[in-house]
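Below is one structure, written out as structure tokens; comments come after it.
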Amino acid sequence: MTLPALSTWSKNVAPSPTLAVDAKAKALKAAGKDVCGFGAGEPDFDTPAFIKDACAKALADGQTKYAPTPGIPALRKALADAYTARGFTGITENNVVVSPGGKMSCYLAILATISPGDEVVIPAPYWVSYPEMVKLAGGIPRFVIAEDTTGFKVTPDQLRAVLTPKTRMVVINSPSNPTGAVYTRAELEALVAICVKAGVWILSDEIYEHLVYDGQSTCSPATFSPEAARLTITVSGYAKTYSMTGWRLGTLVACKEVSAAVADLQSQTTSNATTFAQFGALAVHQHPDKAKASLAEMAVAFDRRRLKLLAGLNAIPGLTCYRSQGAFYLFPNIRKFGLSSADFAARLLEEELVAVVPGSAFGAEGYIRLSYATSDATIEKGLERLARFCAKLG
Ligand SMILES: *Cc1c(COP(=O)(O)O)cnc(C)c1O
């Protein structure tokens, strides 16, 4: 018997290359190989105990049933208050939707706003999922490429040049995965002003909002003006900030029209984010001092590793690395070696057991992504191996 055909959607979607690198590195590790993994996009810390305790208590208390589609009321209210404290205006719990992961929040935001044939501007290097999500909605991704020479940030002129009458959305991800780039307020304001003038949605993925270094700060497009507030869909979550990747909890704040549409889409797909997990996240808002302390501990470790990795990378002849100020990624330029990023990454894993993600996965040939959400020892050993590999390439 021959199987009926798979859908055009499933045939056109590219599987996540970052998860693929991670799976390959984990398989080598499981086979007893001493792999230095820089591939994973997740913190290597455990979830803080006070969050796990709150979740365990919710489980013990019987919070094991369906929750309201957009999230448990207390968490939506806490999120509305937190965003209001940060300068968002007119936000109530009705503007907030909690979903199973920030990835799902992004996807639902796109599904709620993008129709077949609509164009979505995605600055590259981009997070691997944006183009695929846009395509799954029938939309057309339009890329703007920023190199290390501009700190991986697109300029207002670049953005203006890519807008067409079909543009419906511009994606902004600051701090960025994969580059770690952080836009300054002035830089963001310039881009947002162009979006407002064009009347397009702004998807602001702020999942790394709390992970910035060198005294950098982040800001949200939704706080820039009433018009920007109407057009901006702000996505975030707990995965990266509190090392809760496996909990699958994402958040979305938008105008009532969008948040209602997102909740409707969620009601017919995932129903709600796991009920007891939401009670764990609620603890973040109920114990701000503990949340701050665990975040600070993680950020200090990340910053130390960032500087160590950055110095090590820039000490390797032929390799240059931009000093990124956010998230937990560095994105060195490997063009001098004359290999494609996929070949570079494949050979590096094979010959030196170092796992990195090729830049091509992020729409940026000529670079590799290294996550420094890994131990200091791995960074030191990985740098030695990378240096030996580069020396061999000459
Ligand atoms: C990790 C990540 C997300 C969402 O992660 P979840 O685990 O789904 O919450 C969203 N955007 C970017 C850029 C990310 O790196």
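Model, not experiment: these values are computed from the prediction. In this chain, numbering begins with 1 at the start of the sequence shown. We count ligands from 1, going down the list as the structure has it; atoms in each ligand are counted the same way.
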Lys240 and Glu42 ion-paired at < 4.0 Å:
no

According to side-chain hydrogen bond (donor to acceptor under 3.5 Å, both in side chains), who are the partners of Tyr238, at least two apart in sequence or on a separate chain?
His285

Other residues, nucleotides, ligands: >12 heavy atoms within 6.0 Å of Lys24 NZ:
no

Got a sec: does the NZ of Lys65 have more than 12 other heavy atoms crowding it under 6.0 Å?
no

What residues, two or more places apart in sequence or in another chain, satisfy side-chain hydrogen bond (donor to acceptor under 3.5 Å, both in side chains) together with Ser225?
Glu227

According to side-chain hydrogen bond (donor to acceptor under 3.5 Å, both in side chains), who are the partners of Asp148, at least two apart in sequence or on a separate chain?
Asn333, Tyr367

Does ligand 1 have any N/O pairs with the protein under 3.5 Å, and how far apart?
unit_1	atom_1	unit_2	atom_2	d
ligand 1	7 (O)	Arg248	NH1	2.7
ligand 1	8 (O)	Gly102	N	3.1
ligand 1	8 (O)	Lys103	N	2.8
ligand 1	8 (O)	Arg248	NH1	3.4
ligand 1	8 (O)	Arg248	NH2	2.7
ligand 1	9 (O)	Gly102	N	2.7
ligand 1	11 (N)	Asp205	OD2	2.6
ligand 1	15 (O)	Asn177	ND2	2.8
ligand 1	15 (O)	Tyr208	OH	2.7
ligand 1	15 (O)	Lys240	NZ	3.0

